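Notes follow once the structure below has been shown.
Each chain gets a letter, A, B and so on, in the order its sequence line appears, and its residues count up from 1. Quick caveat, the model's predicted, so the values are computed rather than measured. Because only heavy atoms are used, hydrogens play no part in the values below, and waters and symmetry mates are left out as well, while side chains stay in.
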Amino acid sequence: MGNLLAMKGVKKVYDTGMECVAALNDISFEVSEGEFVAIMGPSGSGKSTLLSLLGGLNHPSAGSIVVDDIDVYSLSVERLADFRREYVGFVFQSFQLIQYLTIVENVMLPLAVSTIPRAEKKRIAIDMIDKVGLRSKTLRLPGELSGGEQQRVAIARALVNRPPIVLADEPTGNLDSATSQEIMELLGSLNDEGHTIVIVTHNPDNLREVHRCIRLRDGRVQNESIAHLANGIKAEEV
Amino acid sequence: MNLYNISFNNLRRRKAKMVFTVLGLAIAISTVVTLITVSKAMNAEIAERLDEYGANIVIVPKSDDLSLTYGGMAVSGISLGAHKIYEKDTDRIQGIKNRDNIKIIAPKLLNAATIVQRNVLVVGVRFDDELALKKWWRLTGRRPGVNHEAIIGSEVRVKLQLGLQQSFDLRGETFVVAGILEPTGSQDDGIVFIDLKQAQRIFGKPGELSLIEVAALCYDCPIEEIVRQTSEKLPEARVMAIRQTIESKMEAMHRFEHFSYGISIVVLLVAALIVTTTMTASVNERTREIGVFRAIGFRQTHIMKIILSEAFLTCLIAGAVGYFVGVGAARIVSPLLLMNGGESSPLMNYPLLGGSLALAVFIGILASIYPAFKASRLDPTLALRAL
């Protein structure tokens, strides 16, 4: 499979006013279509910054990010929003569901600005909710669901636009181990269906489903590993 | 699900904030509606009662003589003029193009006479027209019904020691006091009013007039035009508009209108400030939510649409509430401000309702542009930093 995503010499420096802090330094890697990649590293290593850059939320100080032959950061602000809508599905650690919208409305959110007829939007959203196993709870509010269920809704929302890439920032960070396992299995099954998934995680248990692990330290890629954890084999350095 | 659903659902969730915004704007709109309604009612009352303010056109014979004064206005020489005006001229006035605007024609013959050894101004009038013209007259006794009856001013009563039903001699003829005017504060207090025909006969001026007072309804018509048309019909007379009375009333009205506009502007500015503050606070509270919207691909214009749609819905409600509260308040206030007790304004004044809604939406949208702009410019990474 060809490369879907490529980072080349990406650098991100935050100017605090007092000093310049380099969050990422000369990051280069590629993600192939259909790959399931984990980004690991200690706190402050730049994982979340890296994910936000991949998702078109943040501008790099240097370097380029190319997704599906689109130089992401050459796009205008509004086109960058279109890019996020069409190419990226975000899953956040604390779910970030809109509390005053029902489950089905939350899942329909990315479709809100599309020209698809309302009934069709609803059908797509319900299909997606069905896929994450919450068909019976479409009209509930997020507050009425457990953490694991809310994360399933967030995953359904991330996928409803059928984006080529799903970016998940600590998707199991707020969940117990059993629920974390369920969520990772769900992401694994979605990956099996062809979705390219990049997750940021602290938890080595989450590596069972991933194909490759990129370890960051101090804003640099420390190493890349091929994960065979599904077979009980430790990550193999490449 | 579309952007408007998001706005609507958010308003349903934040009822307290919406109620606060609606209240702030509704108070302003209701104030404006009340002031407009009361102003209109006052205008209508002025229009309706213009005739009650007395004459606003005076016709006197053309003359080069020095003027005498009547009611604070210049009246050309009463008896020495080269030209004269006659009672039949009143019919010619009725022939002008704007005759529909002519409400009352009150001809008069003025003469000095000695009554009870005092010099008094005796004015011959048509009592029906005179009483119609001077609605402010308060009469003790009754209006003269037969010949040789008179109305005397309050000052005449005191100085000539005349009471009701007492008689007096005028050029050898006996007149009875049928009515006495309560003090008017005008020249009428010192005048003896008798029937015009009798005055013409007694003073030997059959058909002659000293002046004609005309009450024209000129609230929405140019009084100068009526004066011009009358002048054409009566070339031997001098036709003058007395603008003073109406203008002072209209000036008071305009001052009230200007005051109303001033109050309205201040109240609307305060309301706009409330909307801006509330919407900005709402945007600040929703930073993460807006960050999520931006992250999932909402454009800046989509965020602005969401915020402005909320403002639109809120202000539409505020406009409707403000309209009904304003009309209700006007119904309460009008009787206190208007002489006629304030005729009840209609509950459904569709142009005013439309104006209220439009004004509320205009103010609300204008006041929400900054918060909406601010929301749309939120950096999604900053908005999501707490993730």
Task: Any residue of residues 298-311 of chain B which, by heavy atoms, sits under 4.5 Å from chain A - done: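 Near chain A, by residue number: B:F298, B:R299, B:Q300, B:T301, B:H302.
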Task: Residues of residues 349-369 of chain B within contact distance of chain A, non-hydrogen under 4.5 Å - done: none
Check ion pair [X]-[Y] (N to O, under 4.0 angstrom):
{"X": "A:K137", "Y": "A:E144", "result": "no"}
{"X": "B:K40", "Y": "B:E257", "result": "no"}
{"X": "A:R140", "Y": "A:E149", "result": "no"}

Task: A:S61 side, atom OG; A:L53 side, atom CG - distance, nearest 0.5 Å - done: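 A:S61 atom OG to A:L53 atom CG measures 8.5 Å (nearest 0.5 Å).
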Task: Structural part of B:Y4 lying under 4.5 Å from a heavy atom of chain A - done: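 When you check distances to chain A, no heavy atom of B:Y4 falls under 4.5 Å.
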Open item on the list: Quick check on B:R286 against chain A: is it the side chain, the backbone, both or neither that has a heavy atom closer than 4.5 Å?
Closed with: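 B:R286 touches chain A through side-chain heavy atoms alone.
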Task: Where B:P380 and B:R294 come nearest, the two heavy atoms and their spacing - done: CB-CB, 3.8 Å
[X] atom [atom1], over 12 foreign heavy atoms within 6.0 Å:
{"X": "B:F312", "atom1": "CZ", "value": "no"}
{"X": "A:R162", "atom1": "CZ", "value": "no"}
{"X": "B:F20", "atom1": "CZ", "value": "no"}

TODO: Below 4.5 Å from any heavy atom of chain B, which atoms of A:I98 appear? Answer side chain, backbone, both or neither.
DONE: side chain
Task: B:N9 side chain to B:N5 backbone, donor-acceptor under 3.5 Å - done: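 Such a contact is found between B:N9 side chain and B:N5 backbone.
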- [ ] Please answer whether the main-chain N or O of A:L4 pairs with a side-chain N or O of A:E33 as donor and acceptor at a distance below 3.5 Å.
- [x] no
Open item on the list: Give me each pair satisfying side chain to side chain donor-acceptor pair (under 3.5 Å) with a member in residues 262-284 of chain B, each pair once, sequence neighbours excluded.
Closed with: B:N284-B:K374
TODO: Quick one: which of A:D82, A:L101, A:L80 has the most heavy-atom pairs under 4.5 Å with chain B, could you say?
DONE: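 Among A:D82, A:L101, A:L80, the one with the most close pairs to chain B is A:D82.
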Task: Most contacts with chain B, counted as non-hydrogen pairs under 4.5 angstrom, among A:E105, A:E86, A:R157 - done: A:E105
Task: Residues that A:F90 engages under ring pair (Phe, Tyr, Trp, His ring centres under 6.0 Å), provided they are two or more places apart - done: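 A:F92.
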